[in-house]
Number of protein chains: 2
Amino acid sequence: MQEKPQPPVGGSVTADDVAELAGVSRWTVNRAYKKDAPISAKSRKKVMEAAEKLGYVPDLLASSLASDRSNLVALLIDDFANPHKLVMMERLTRILRKNGWDTLLVNTISEEDASAALLNASQRRVDAAVLIGTKFNHTELETALGARRVKKLILFARNTAYKNTISICCDDSDAMTMIYDYVVKRGYRKPLFLAGPQSPSAHVLRKDTFLKLWTDAWGETPHWISVPAYDPHLAFIETRDYLKQLAPSDRPDVIVCENDSLAMGAMDVVRYELGLRVPEDIAITGFDDVPQAAGPHYQLTTYRQPLTDMANALVAVLKGGEVAEDLTRFDGHLMVRTSA
Amino acid sequence: MQEKPQPPVGGSVTADDVAELAGVSRWTVNRAYKKDAPISAKSRKKVMEAAEKLGYVPDLLASSLASDRSNLVALLIDDFANPHKLVMMERLTRILRKNGWDTLLVNTISEEDASAALLNASQRRVDAAVLIGTKFNHTELETALGARRVKKLILFARNTAYKNTISICCDDSDAMTMIYDYVVKRGYRKPLFLAGPQSPSAHVLRKDTFLKLWTDAWGETPHWISVPAYDPHLAFIETRDYLKQLAPSDRPDVIVCENDSLAMGAMDVVRYELGLRVPEDIAITGFDDVPQAAGPHYQLTTYRQPLTDMANALVAVLKGGEVAEDLTRFDGHLMVRTSA
DNA sequence: ATATTTCTTGCACGCGAGTGCAAAACACTC
DNA sequence: GAGTGTTTTGCACTCGCGTGCAAGAAATAT
């Protein structure tokens, strides 16, 4: 029923139409839209007025095709259970948009679809693929680069040794060292490390750093368990199963988590399954500083990454210059709250 | 440094290349990729082999340009504080992708950027714009339709009386009636309604329905307050300010919230600011059934919308057929948990 | 074997704009 | 006002593929 939009004329207005009305050539019309193009103020004005009158907007599809620059970025996510992703998406889309890029949201949850989705994105000639997922594997990356149209592959908030890839993240080992120092300073001595999926990808660095620091300083390696996804609910299950089979005297006095998503699940276990207090009985630390972490319930001591700076760095990379600084060493803050 | 991908030849493989290698014309190559196109099995096979060998993938940009069908949908969001959005995004992207559509994520948080973002999306000739935001205003919609390239405007999980717009949502008034019935059945008699922004858009229907039902049945209109965004933290603040100035005897016995995002904020107030118990002192209901609502902490009684069905309906609309059924009357379930 | 019908294939033209260069228009100097 | 330099403008060609139609090949009928 609502089948007839197109209040103006049928079809869309092209640069030719504008050119005719403005009494110039089509190329001049296009120039009018290009920042610092060789065009006189007068004819730009004529063009803009004509464009306004006709409701003309340049067609990005045609433009991308002709120029081989799509101003499109694919954002690949496989982890919609982690609220931090929402924060990242908001920040990234906003900052990318401000700089002229649009964002293609690609859901790579199911393994099979992942490479298909990536391929599909590449068919749109995205200027870059940004991964903020967790489980990406190397063959997937190969696929991405294999499809020649993905010009840049960027891991956001993740580090990796994989070549041909640009990583924008903070220094996990510095960050984890801060957490370690804090935990030790507060007097905790029986830590449990709660890790995410043990894929060959990024986060393991956090675990490894913490375990190594602890082992070097105290002579014994802390226990640790792994959760197959950064999902609070899965973290809840794994942590519960682990803690419940432990004698009370063997319980940790602090659970250091790879991120907030896991920390929230762990805290729920401590309180609702074990009936213990946080931090008096068991303290908890996270990573990411999701919005909920600041709420009265969790009050999570965690680490906040400088997302805005990182997003701006992403823009810089997209703009193409060789970026001088090291993009894997951003510094964040330790947010101290009451959970530890 | 990682500046030379393109393992194969420089530039990308086009249908012409494939055609040459396969010994057919370019058009036959394209036909090979088109479901039920007039082409012999033999030549399709030849083409596919050649394509495989060269690593050819059809260019969607060129295709969209030529066919005026982008298979792109713009997803507009202005509310990244509500965890339910993450669920929606996951569901929508997955189902859209399965049906051949890609998703452009457009952040419309800042009012100024909103119409610019929308315009920008329209320049990519999206097949439709799907709004899952909250504060969209009518002028924005006008802008969207004004840019002739937005062919369809769809409100997802929101109802509206606005013409030229397709709404896919569940029947808010049925849903709210279920909640009302439940609340009454459980014996609550002093409700407070916690509403979101009072824009001329959708959700007010939930508030209006509840207030009307209550007023009709009990002769007096419940108190209600409004939060300027569906943000748990803002809900916390508003609810706290309201409840704290109330004499204990005037406190509600149940807080009916427009959605879970608000409900979580409200519950935190009840517990951590008032030091009361949920549901014994004050019960709480939500709407949406976000993942956290099922966690041990909130255990929120809420209403779950049939997102998958709704997403499939969206696909049906995109596929263009006049959809017979009423798209504004999906039915969800009341998820009864311990919060009320 | 010839006439028909049906399936395949090739092609001209178009989608809407970008690029680099050459011609045209304007400015300025002496 | 001719000569030189600079700014503007126009144009041919290209990007990779879709559409509709007409010619060619293959299959069926007579």
Side-chain angles (χ1 to χ4, degrees), chain A residues 9-20 22-47 50-51 54-72 100 122-125 127 147-149 151, chain B residues 9-20 22-47 50-51 54-72 100 120 122-127 147-149 151:
Chain A
V9 285
S12 49
V13 190
T14 79
D16 283 297
D17 303 328
V18 179
E20 192 177 9
V24 299
S25 72
R26 175 172 75 71
W27 296 272
T28 302
V29 172
N30 290 177
R31 280 193 194 93
Y33 281 88
K34 202 170 163 189
K35 190 69 188 159
D36 47 49
I39 184 179
S40 69
K42 186 169 36 163
S43 45
R44 171 169 275 149
K45 181 151 172 276
K46 274 196 300 186
V47 168
L54 296 177
Y56 167 76
V57 279
D59 187 309
L60 278 183
L61 240 55
S63 166
S64 304
L65 178 59
S67 67
D68 199 39
R69 264 178 284 102
S70 62
N71 275 46
L72 238 195
S122 81
Q123 291 182 256
R124 294 196 188 271
R125 301 205 188 182
D127 289 338
R148 279 156 299 323
R149 292 213 180 79
K151 297 153 197 158
Chain B
V9 285
S12 50
V13 190
T14 78
D16 283 298
D17 303 328
V18 179
E20 191 178 10
V24 299
S25 73
R26 175 172 75 70
W27 295 272
T28 302
V29 172
N30 289 181
R31 281 196 192 90
Y33 281 87
K34 202 171 165 186
K35 191 68 188 162
D36 47 49
I39 184 179
S40 68
K42 185 169 35 163
S43 42
R44 172 170 271 149
K45 179 150 173 277
K46 275 195 300 185
V47 168
L54 296 177
Y56 167 76
V57 280
D59 187 311
L60 279 183
L61 240 54
S63 165
S64 304
L65 179 59
S67 67
D68 198 40
R69 264 176 284 102
S70 63
N71 275 45
L72 239 194
N120 202 268
S122 81
Q123 290 182 255
R124 294 197 188 271
R125 298 203 187 183
V126 294
D127 290 339
R148 278 156 300 322
R149 292 214 179 80
K151 298 155 198 155

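Chain A is the first sequence line, chain B the second, and so forth, proteins listed ahead of strands; every chain is numbered from 1. The structure presented is a predicted model; accordingly, all values stated were derived computationally and were not measured.
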>> Any side-chain N or O of B/Y33 below 4.0 angstrom from OP1/OP2 of D/dG16?
In response: no
>> From CG of B/D59 over to P of C/dA17, roughly how many Å is that when rounded to an integer?
In response: 17 Å
> How close do A/A37 and A/R31 get, heavy atom to heavy atom, and via which atoms?
Replying inline: CB-O, 3.7 Å
>> Expressed as a whole number of angstroms, how long is the span from B/D16:CG to D/dG18:C1'?
In response: 14 Å
> What's the shortest heavy-atom distance between B/T14 and B/Y56, and which atoms?
Replying inline: C-CE1, 3.5 Å
> What integer distance in Å separates B/L60:CG from D/dG18:P?
Replying inline: 9 Å
Distances under 3.5 Å between nitrogen or oxygen atoms of protein and nucleotides 11-15 of chain C:
residue: C/dA12; atom: N6; partner: B/W27; partner atom: NE1; Å: 2.8

> Taking only side-chain nitrogens and oxygens of A/N30, does any of them come within less than 4.0 Å of OP1 or OP2 of C/dA17?
Replying inline: no
> Can A/R125 and A/D68 be counted as an ion pair, charged N to O under 4.0 angstrom?
Replying inline: yes
>> Nearest 0.5 Å, please: how far is OG in A/S63 from CZ in A/R69?
In response: 7.0 Å
> To the nearest angstrom, how far is A/Q123 atom CD from D/dG18 atom P?
Replying inline: 11 Å
>> I need the A/S70 OG to A/L61 CG distance, nearest 0.5 Å.
In response: 10.0 Å
> Can you name the nearest heavy-atom pair linking B/R44 to B/K34, along with the distance?
Replying inline: NH2-O, 2.9 Å
> What's the CG-C1' distance between B/L54 and D/dG16, to the nearest Å?
Replying inline: 15 Å
> Where is the tightest heavy-atom contact between B/N71 and B/D127, given as atom of each residue plus distance?
Replying inline: N-OD2, 2.8 Å
> Is any side-chain N or O of B/R69 closer than 4.0 Å to OP1 or OP2 of D/dT19?
Replying inline: yes
>> Give me the atom names and distance for the closest heavy-atom approach of A/V47 to A/A32.
In response: CG1-CB, 3.6 Å
> Over how many whole Å does the gap from B/E20 atom CD to D/dG16 atom P extend?
Replying inline: 15 Å
> Does anything in residues 34-44 of chain A reach DNA chain C, meaning a heavy atom under 4.0 Å, and if so which residues?
Replying inline: A/K34
> Between B/A51 and B/V18, what is the shortest heavy-atom contact and its length?
Replying inline: N-CG1, 3.8 Å
